[in-house]
Amino acid sequence: SQRGKMKEEQLFDPMIAYLKKEGYSIREQHRGNEKGTDIVATKDDHKFLLELKGGTQPYVDFGTTIYQIMKEIDGLSTDRYALVVSENFREYAARCKFPLVKLKISVYIVNESGVELLF
């Protein structure tokens with residue numbers, strides 16, 4: 001079954017709609033293999049950087065996604081950071097909750113019912 005195994009490309013539109021509803025402006029989006037943070041949004045002069053990852057290998061891909069967002073973190077800035085993943089990443093994200101929360105990295109899950117802030 002493909003349930004919960006949304007491709008990365010399918011995560012963009014629901015996440016962008018969610019961010020706009022939350023009052024963010026979308027500054028950049030890099031779909032496919034384009035270089036750059038997947039989504040960069042802004043609100044009240046703060047940047048929100050989001051890395052998206054879907055697909056079928058959460059064990060391999062979740063680590064890559066964490067690396068992609070961690071290398072963007074600047075300790076002095078007031079930017080926000082998040083990982084946006086498909087449903088089949090849920091247990092991997094939950095297992096990393098403590099360090100991710102400590103690093104102020106949020107995790108959103110996108111599935112057929114919409115966007116959920118995991119933490």
Side-chain angles (χ1 to χ4, degrees):
S1 128
Q2 280 306 296
R3 191 173 159 63
K5 295 182 180 172
M6 293 171 87
K7 293 189 180 75
E8 188 169 317
E9 179 58 37
Q10 295 171 284
L11 306 177
F12 273 89
D13 291 341
M15 196 64 214
I16 285 169
Y18 177 93
L19 289 167
K20 285 180 174 169
K21 212 164 59 191
E22 295 285 310
Y24 283 91
S25 307
I26 307 303
R27 296 283 172 228
E28 292 175 36
Q29 37 179 313
H30 299 102
R31 299 182 183 230
N33 293 318
E34 289 180 56
K35 289 269 178 280
T37 303
D38 291 334
I39 298 174
V40 179
T42 52
K43 180 178 175 177
D44 308 326
D45 293 327
H46 295 304
K47 272 205 299 194
F48 193 12
L49 290 83
L50 301 97
E51 280 293 341
L52 282 63
K53 187 60 82 176
T56 52
Q57 289 185 293
Y59 185 72
V60 178
D61 290 339
F62 194 63
T64 306
T65 312
I66 292 174
Y67 168 71
Q68 285 169 333
I69 203 71
M70 280 176 67
K71 69 180 172 48
E72 298 303 326
I73 295 179
D74 167 0
L76 301 176
S77 88
T78 53
D79 295 347
R80 291 186 57 207
Y81 304 90
L83 307 175
V84 180
V85 293
S86 53
E87 183 64 52
N88 56 323
F89 285 73
R90 184 182 292 271
E91 65 175 285
Y92 296 95
R95 227 177 268 168
C96 296
K97 180 176 180 177
F98 178 73
L100 289 172
V101 167
K102 219 174 154 74
L103 291 167
K104 298 186 172 68
I105 298 172
S106 303
V107 174
Y108 292 89
I109 298 209
V110 179
N111 58 27
E112 287 79 355
S113 14
V115 176
E116 172 194 339
L117 172 60
L118 191 61
F119 54 79

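Values below: every heavy atom of this structure, side chains too, minus hydrogens, waters and symmetry copies. One is the number of the first residue; the rest follow in order along the sequence.
- Grouping the Ile, Leu, Val, Met, Phe, Trp and Tyr side chains by contacts below 4.5 angstrom, directly or via other members, places Val85 with Leu118.
- Expressed to the nearest 0.5 Å, how far CG of Leu52 lies from CD of Gln29 amounts to 10.0 Å.
- Between the OG atom of Ser25 and the CZ atom of Phe48 there is a distance of 13.5 Å, given to the nearest 0.5 Å.
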key: Chi angles and distances behind the side chain to side chain contact (heavy atoms under 4.5 Å, CB included) call for Val107, Leu117   = CA-CA 6 Å; Val107 174; Leu117 172 60; over 6 Å; no
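- Side-chain contact between Val84 and Val110 is present, with heavy atoms from C-beta onward closer than 4.5 Å.
- For the atom pair CD1 of Ile39 and CD of Glu28, the computed distance is 11.0 Å after rounding to the nearest 0.5 Å.
- Under the salt bridge (charged side-chain N to carboxylate O under 4.0 Å, His left out) criterion, Glu116 pairs with Arg90, sequence neighbours left out.
- Residue Tyr81 holds its OH atom at 4.0 Å from CG of Asp79, rounded to the nearest 0.5 Å.
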Without placing hydrogens or testing angles, list every side-chain donor-acceptor pair under 3.5 Å for residues 8-18, not counting sequence neighbours.
{"unit_1": "Glu9", "atom_1": "OE2", "unit_2": "Arg31", "atom_2": "NH1", "d": "2.8"}
{"unit_1": "Gln10", "atom_1": "OE1", "unit_2": "Lys7", "atom_2": "N", "d": "2.7"}
{"unit_1": "Asp13", "atom_1": "OD1", "unit_2": "Arg31", "atom_2": "NH1", "d": "3.4"}
{"unit_1": "Asp13", "atom_1": "OD1", "unit_2": "Arg31", "atom_2": "NH2", "d": "2.8"}

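- Taking Ser86 as the reference, Asn88 meet the side chain to side chain donor-acceptor pair (under 3.5 Å) condition, with sequence neighbours excluded.
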Pair up each side-chain donor or acceptor in residues 57-75 with any protein partner under 3.5 Å, not counting sequence neighbours, and list the distances.
{"unit_1": "Thr64", "atom_1": "OG1", "unit_2": "Val60", "atom_2": "O", "d": "3.3"}
{"unit_1": "Thr65", "atom_1": "OG1", "unit_2": "Asp61", "atom_2": "O", "d": "2.7"}
{"unit_1": "Asp74", "atom_1": "OD1", "unit_2": "Leu76", "atom_2": "N", "d": "2.9"}

Tell me which donor-acceptor pairs under 3.5 Å the side chains of residues 97-106 have, and how far apart each pair is, sequence neighbours excluded?
none

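- Every salt bridge (charged side-chain N to carboxylate O under 4.0 Å, His left out) that Glu91 has, sequence neighbours left out, goes to Arg95.
- Within the structure, side-chain hydrogen bond (donor to acceptor under 3.5 Å, both in side chains) pairs that include any residue of residues 40-53 comprise Arg27-Thr42, His46-Thr78 (at least two apart or interchain).
- Take Tyr24 and apply the side chain to side chain donor-acceptor pair (under 3.5 Å) test, not counting sequence neighbours, and it matches Arg80.
- No side-chain heavy atom of Leu49 sits less than 4.5 Å from a side-chain heavy atom of Asp38.
- Summarising the geometry, atom OH belonging to Tyr92 is positioned 15.5 Å from atom CG belonging to Leu83; distances are rounded to the nearest 0.5 Å.
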